[in-house]
Amino acid sequence: MAGVVLGAAAPVSADTPEVDPKADALLQRMSSDLAGLKTFSVDTENSTEVVTKQGEKIAMIAGSTVSAERPNKLRTDRAGALADITFYYDGRKVTIWGKRAKLYATTSAPPTLDQTIDFVRDKLDIDAPAADLLGSNPYEALMEDVVSGKYIADEPIGDRMCHHLAYRGQETDWQIWIADGPKALPCRFEITSKNISGQPEYIATMTNWRINPQLPDNEFTFTPPPGSARIDFLEASQQGQDLRKEPK
């Protein structure tokens, strides 16, 4: 091939991230194993920091169960002090059901999970920090902003030994712990938002992975319960209504 000199290193772009090869190989393996699951379900414990005007950090804790069926179905049940919400995506539309408020919002959605993750973030202004792990190529999504990455150590998360990787980005720093086992699935995911005052953190610890489970036919379908009321996403934003809270 013209222009190639044997024994010479290829020039590295200034934009090429500096990533430890061991960390890169593990992240690629995790991406492949995770994307290869046709159906899965996992429990997570989430900690989302909120920074007050006085600069105090408050951690809001919630538990979630995430179920997915590739290429176009997702459900998340999230419960905590401020939230008791279920998110449904059935391949045709997304619905958010606020159990305490007995309100739901629904709208048409793209035909794939990858497209819907972007749609929910960009069009509905709903942030899901760990959603990059759910798409068809988690590696590509995670590496989009990366400047550097390194392997830290083998560390225990609960009863599992996990590989600890740390990455720096332009807007976020993030760390991931990947199970040391037959399936390289994530055990813990931590994001620090560097461009937000106080640099709040989001942490998700994943347990009880269920690989290719038999999910009920109606797992991803929302049927409005008696006494519920529909609002739309734009109305909820404009009027300050909150699907998380009980009506006053």
Side-chain angles (χ1 to χ4, degrees), residues 9-10 12-13 15-47 64-76 89 112-118 121 128-193 201-215:
V12 177
S13 164
D15 295 330
T16 301
E18 299 179 1
V19 179
D20 176 359
K22 183 175 181 179
D24 194 59
L26 282 164
L27 191 67
Q28 291 202 49
R29 183 186 166 204
M30 183 213 72
S31 177
S32 177
D33 284 357
L34 190 52
L37 301 180
K38 179 174 175 52
T39 61
F40 66 86
S41 183
V42 62
D43 298 328
T44 72
E45 181 178 288
N46 310 289
S47 172
S64 300
T65 297
V66 179
S67 301
E69 182 179 305
R70 300 188 189 280
N72 61 354
K73 291 181 174 62
L74 177 68
R75 173 172 172 165
T76 301
Y89 168 56
T112 69
L113 183 54
D114 285 7
Q115 293 170 320
T116 297
I117 289 171
D118 291 337
R121 283 175 171 166
D132 287 338
L133 298 173
L134 303 177
S136 62
N137 192 339
Y139 178 84
E140 184 178 86
L142 290 169
M143 291 294 293
E144 185 175 343
D145 182 55
V146 164
V147 173
S148 64
K150 57 189 175 182
Y151 183 89
I152 303 298
D154 288 347
E155 297 172 354
I157 300 291
D159 60 356
R160 301 162 293 173
M161 286 303 297
C162 303
H163 302 288
H164 179 188
L165 317 181
Y167 287 78
R168 292 180 55 246
Q170 298 287 353
E171 297 186 4
T172 63
D173 291 344
W174 54 273
Q175 301 174 71
I176 193 163
W177 288 255
I178 299 171
D180 181 12
K183 289 288 187 183
L185 299 177
C187 305
R188 179 182 171 99
F189 186 49
E190 182 173 331
I191 305 171
T192 302
S193 299
E201 294 183 344
Y202 168 85
I203 300 171
T205 302
M206 297 86 164
T207 59
N208 196 21
W209 279 95
R210 297 171 289 280
I211 298 174
N212 297 327
Q214 293 294 321
L215 299 173

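Side-chain contact between Thr44 and Thr205 is absent, with no heavy-atom pair separated by less than 4.5 Å. Taking 4.5 Å as the limit, some side-chain heavy atom of Phe189 sits within range of a side-chain heavy atom of Met206. Residues Thr207 and Arg160 have side chains in contact (heavy-atom distance under 4.5 Å, counting atoms from C-beta outward). Counting heavy atoms from C-beta outward, Val42 and Asn208 have side chains that stay 4.5 Å or more apart.
Counting non-hydrogen atoms of neighbouring residues, nucleotides and ligands closer than 6.0 angstrom, the CD atom of Glu190 exceeds 12 such neighbours. The environment of CD in Gln28 is crowded: more than 12 heavy-atom neighbours from other residues, nucleotides or ligands sit within 6.0 Å. More than 12 heavy atoms of other residues, nucleotides or ligands shown are found within 6.0 angstrom of CD on Gln115.
Rounding to the nearest 0.5 Å gives a distance of 4.5 Å between OG of Ser31 and CG of Asn137. Between Thr39 atom OG1 and Ile211 atom CD1 the span is 9.5 Å, to the nearest 0.5 Å. Between the CG atom in Asp159 and the SG atom in Cys187 there is a gap of 9.5 Å [rounded to 0.5 Å]. For the atom pair CG (Leu142) and CG (Leu133), the distance works out to 5.5 Å, reported to the nearest 0.5 Å. Within the model, atoms CG of Asp43 and OG of Ser67 stand 8.5 Å from one another, a figure rounded to the nearest 0.5 Å.
In terms of heavy atoms, Asp33 sits closest to Pro182 at OD2-O, 4.1 Å. The two atoms that bring Val19 and Ser148 nearest to each other are CG2-C, 4.3 Å, heavy atoms only. Closest of all the heavy-atom pairs between Ser41 and Pro213 is N-CG, 4.3 Å. The nearest pair of heavy atoms linking Asn212 to Leu37 is OD1-C, 4.3 Å. Trp209 and Pro186 make their closest contact through NE1-O, 3.0 Å (heavy atoms, listed as atom of the first residue, atom of the second, distance). Contact between Met30 and Pro138 at its shortest, heavy atoms only, is CE-CB, 4.4 Å.
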(message) Using side chain to side chain contact (heavy atoms under 4.5 Å, CB included), reason through Asp154 and His163 one step at a time and then give a plain yes or no.
(response) CA-CA 5 Å; Asp154 288 347; His163 302 288; 2.9 Å; yes
(request) Verify salt bridge (charged side-chain N to carboxylate O under 4.0 Å, His left out) between Arg168 and Asp145, making sure each step is shown before the conclusion. (result) CA-CA 8 Å; Arg168 292 180 55 246; Asp145 182 55; over 6 Å; no
(message) Before you tell me yes or no, could you show the steps for Lys22 and Leu165 under side chain to side chain contact (heavy atoms under 4.5 Å, CB included), namely the whole-Å CA-CA distance, both residues' side-chain angles and the distance that decides it to 0.1 Å?
(response) CA-CA 9 Å; Lys22 183 175 181 179; Leu165 317 181; over 6 Å; no
(request) Apply side-chain hydrogen bond (donor to acceptor under 3.5 Å, both in side chains) to the pair Thr112 and Asn72, showing each step before the final yes or no. (result) CA-CA 5 Å; Thr112 69; Asn72 61 354; over 6 Å; no
(message) Apply side chain to side chain contact (heavy atoms under 4.5 Å, CB included) to residues Val66 and Leu134 and explain how you reach the verdict.
(response) CA-CA 10 Å; Val66 179; Leu134 303 177; 4.3 Å; yes
(message) Run the side chain to side chain contact (heavy atoms under 4.5 Å, CB included) test on Asn46 and Ile203 for me, step by step, so that the C-alpha distance in whole Å, both residues' side-chain angles and the decisive distance to 0.1 Å come before the verdict.
(response) CA-CA 6 Å; Asn46 310 289; Ile203 300 171; over 6 Å; no
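In summary, of the residues considered (Val146, Val147, Asp24), a side chain to side chain contact (heavy atoms under 4.5 Å, CB included) with Pro17 occurs for Val146 alone.
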Which side-chain N or O atoms in residues 173-180 pair as donor and acceptor under 3.5 Å with protein atoms at least two apart or in another chain?
from   : atom 1 : to     : atom 2 : distance (Å)
Asp173 : OD1    : Gly169 : N      : 3.3
Asp173 : OD1    : Lys194 : NZ     : 3.1
Gln175 : OE1    : His164 : NE2    : 2.7
Trp177 : NE1    : Glu155 : OE1    : 2.8

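Remark: side-chain polar atoms of Arg70 are paired, donor with acceptor, to backbone N or O of Ala35 under 3.5 angstrom. A donor-acceptor pair under 3.5 Å links the side-chain atoms of Asp114 to the main chain of Ser136, judged by distance alone.
Listed by chain and number, the residues in a side-chain hydrogen bond (donor to acceptor under 3.5 Å, both in side chains) with Tyr89 are Thr116 (sequence neighbours excluded).
Using a 4.0 Å cut-off between a side-chain N of Lys or Arg and a carboxylate O of Asp or Glu, Asp132 and Arg121 qualify as a salt bridge.
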